[in-house]
K.L.:
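Could you have a look at this structure, given as structure tokens, before my questions?
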Amino acid sequence: MCGIIGCVGRGDGTLDTLLHGLSKLEYRGYDSAGVALVDDRSVSVVKKSGELDALREELAAIDVSGRVGIGHTRWSTHGPPTDGNAHPHRDCTGDVAVVHNGIIENYQSLRDELAESGHEFRSDTDTEVVPHLVEASLESGADPEAAFREAIGRLEGSYAIACVIAGTDSVFVARNDSPLVLGIAEDATYLASDVPAFREFTDKVVYLEDGEYARLDTDGWRVSDIDGGTIEKSIETVTWDPEDTGKSGYDHFMLKEIHEQPRALRQCLQGRVDELRGTVTLEELGELSLERVHLVAAGTSYHAAIYGAQLLQAKGVPAQPFLSHEYATSPPPAEDAIVVGVSQSGETADTLAATREARRRGAETLALTNTVGSTMARECDHVCYIRSGPEIGVAATKTFAGQQTALNLLTEAATAGQADRDVIAALRNVPGQVQEVLDSSKAEAVAEAYLDSDAYFFIGRSLNFPVSLEGALKMKEISYEHAEGFAAGELKHGPLALVTSQTPVFATVVGDGELARKTVGNVKEVEARDAPVVAITDGQSDVARYADHVLEIPETHPRTAAILTNVQLQLVAYHTAAKLGRSIDKPRNLAKSVTVE
Ligand code: AGP
């Protein structure tokens, strides 16, 4: 949902620094981009619809520079992705430029009021009211910092905002409900929606909280409250390297991240599993015990939440998954439930709304997230990190596997009774088994075989039900093909009407027990309707007899099998999208981090 970058102190390198930062933030939105640079007494703004390269081309043709700058990459909320709606937005004089991530809910009344007093608007965006509000305060005699503060004081809604004003070598910053982090180096200060934007230049960060303001200038930085009082902030150090946010020779971040899964899972398990003693420990949770659990999440994380609820239920813990946007607005009774927010980014507005609602009603909350220092990690009572490392591709891959793994750890560590030794052994093996799947997968050939299909269906039971939902979500997100996931038993209750010879059915069948037998029955049903069948299987059942293609996984515990089957489906989606020439890392209309409700 829009990426913001800003920097002070990079001298002649300001523009390059902004563009570098925007390239690292493009995953947040990529329908237009722009920069504002302050030099001497003027502010220059260059912005362009399309991906960042369009802005680069535009900049190559003009001479623009500045000592202080801000930049933005957009995911549209108000107004289509045009040059005019791209950020930064300016006031009437052109002396104030603003970038914004979030939604200003009262923008229409502010816009009417400003228009009445003579301000002229050039865009359809909610953001444009901000530079005009700053302009109005400057006109009434406020100094730049006070003018910025006054403007922000008028806003309702969510925002991460950065503003530059001609005549000052400063960037003014405010945060409410949208992420912002400062990067602190000896010779320069940065701000961004996410750390990768400036990680190349520093590993020292300061996370801003809701209601906080910051001013970055050539003398350093200061964080303050609404009244201007200084807030002492601690400087934290990020632990991952700048290279972790590059493609490392892969064609796409998504493919790189799929291949990073063995390492990501090892990191997730490290120091948390003692195979000899048969124990799982999540030190960060202390004595937390899960008696009743609500898991709240959206998208891929919701699929992980379904999987996690199934694990907990199998341990006798009443656990339910909820779509976070539904939970936030129609919360169920939650007596003694611990509410677990499952979120890769820890910034998803819907999921934050759900954990906040839970806290408001007195529930204890736990963030299960990949992002250290994220809003959810800071707001919840407890946090469990999945340790997948930065994920840039919009389609979540390694973080889903990380969530599955961490939910196994959570289930073993925080429920009554001894940890399950078979599960511990299976978890130990899973990074190596994911590697086996990656090394031997025939998913590319399967993708090729079904490229011209009318639709793609995914079926599975129990722990492979959420995997089927996830397989379909991956396919639709990046290939733009119609795909649906179903619990295998549900197929005959309606979706079977859609099944034809042009709709391949991807069936996950693990083990040779009752679940496998029943799913093989469903496979026969679709086969009888001429649908091609792709079986994702460990080979224990006879599903291969009825399948046109088989994608194999090693035999393992059913819990970790659901991690391996998902890897095969990730690869099918990836290769389908690659063969169709889709924009894999930046699919149309989507953004990595959905910070608006
Ligand atoms: C996953 O491929 C999607 N991009 C999306 O569904 C995502 O999982 C969802 O927006 C939730 O994000 P979160 O995990 O950061 O909360």
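In each ligand, atom 1 is the first atom listed, and ligand 1 is the first ligand listed.
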K.L.:
Any salt bridge linking Glu448 with Lys442? Criterion: basic side-chain nitrogen under 4.0 Å from a carboxylate oxygen.
P.N.:
no
K.L.:
What's the shortest distance from atom 13 (P) of ligand 1 to any protein heavy atom, and which residue and atom give it?
P.N.:
Thr348 OG1, 3.1 Å
K.L.:
Under a 4.0 angstrom heavy-atom cut-off, which atoms of ligand 1 come close to Gln344?
P.N.:
13 (P), 14 (O), 15 (O), 16 (O)
K.L.:
Looking only at N/O atoms, are Lys474 and ligand 1 under 3.5 Å apart anywhere?
P.N.:
yes
K.L.:
Is the contact between Lys592 and ligand 1 made by the side chain, the backbone, both, or neither, using heavy atoms and a 4.0 Å cut-off?
P.N.:
neither
K.L.:
Between the side chains of Tyr27 and Asp194, is a donor N or O closer than 3.5 angstrom to an acceptor N or O?
P.N.:
yes
K.L.:
Checking a contact table here: which protein heavy atom is nearest atom 3 (C) of ligand 1, and how many Å away?
P.N.:
Glu477 OE2, 3.0 Å
K.L.:
Side chain, backbone, both or neither: which part of Glu347 has a heavy atom under 4.0 Å from ligand 1?
P.N.:
neither
K.L.:
For atom 9 (C) of ligand 1, which protein heavy atom lies nearest, and how many Å away is it?
P.N.:
Ala298 O, 3.6 Å
K.L.:
Which residue and atom name correspond to the protein heavy atom nearest atom 15 (O) of ligand 1, and how close is it?
P.N.:
Ser345 OG, 2.6 Å
K.L.:
Using side-chain hydrogen bond (donor to acceptor under 3.5 Å, both in side chains) as the criterion, point out the one residue from Asp177, Thr351, Thr375, Thr365 that pairs with Arg356.
P.N.:
Asp177
K.L.:
Starting from atom 14 (O) of ligand 1, find the nearest protein heavy-atom neighbour and note its residue, name and distance.
P.N.:
Ser301 OG, 2.5 Å
K.L.:
Does some side-chain heavy atom of Glu347 sit less than 4.5 Å from a side-chain heavy atom of Met376?
P.N.:
no
K.L.:
Could Lys398 and Glu391 be called an ion pair, given the rule that one side-chain N must be under 4.0 Å from one carboxylate O?
P.N.:
no
K.L.:
For Ala174, enumerate each residue passing the side-chain contact (heavy atoms from CB on, under 4.5 Å) test, keeping only those at least two apart in sequence or located in another chain.
P.N.:
Phe148, Ile152, Tyr159, Tyr213
K.L.:
Do the charged groups of Glu212 and Lys233 touch, with an N to O distance under 4.0 Å?
P.N.:
yes
K.L.:
Specify the protein heavy atom at minimum distance from atom 7 (C) of ligand 1: its residue, its atom name, and the distance to 0.1 Å.
P.N.:
Thr300 N, 4.1 Å
K.L.:
Using a 4.0 Å cutoff against the non-hydrogen atoms of Ala396, which atoms of ligand 1 qualify?
P.N.:
1 (C), 2 (O)
K.L.:
What residue and heavy atom of the protein are closest to atom 10 (O) of ligand 1, and at what distance?
P.N.:
Val594 CG2, 3.9 Å
K.L.:
Can you check salt bridge (charged side-chain N to carboxylate O under 4.0 Å, His left out) on Glu481 and Lys476, steps first, answer last?
P.N.:
CA-CA 5 Å; Glu481 295 294 301; Lys476 64 182 98 169; over 6 Å; no
K.L.:
Measuring centre to centre across the rings, with the benzene-like ring taken for any Trp, is His78 within less than 6.0 Å of Tyr107?
P.N.:
yes
K.L.:
Suppose I only count heavy atoms of Ala395 and a 4.0 Å limit; which atoms of ligand 1 are within that range?
P.N.:
2 (O)
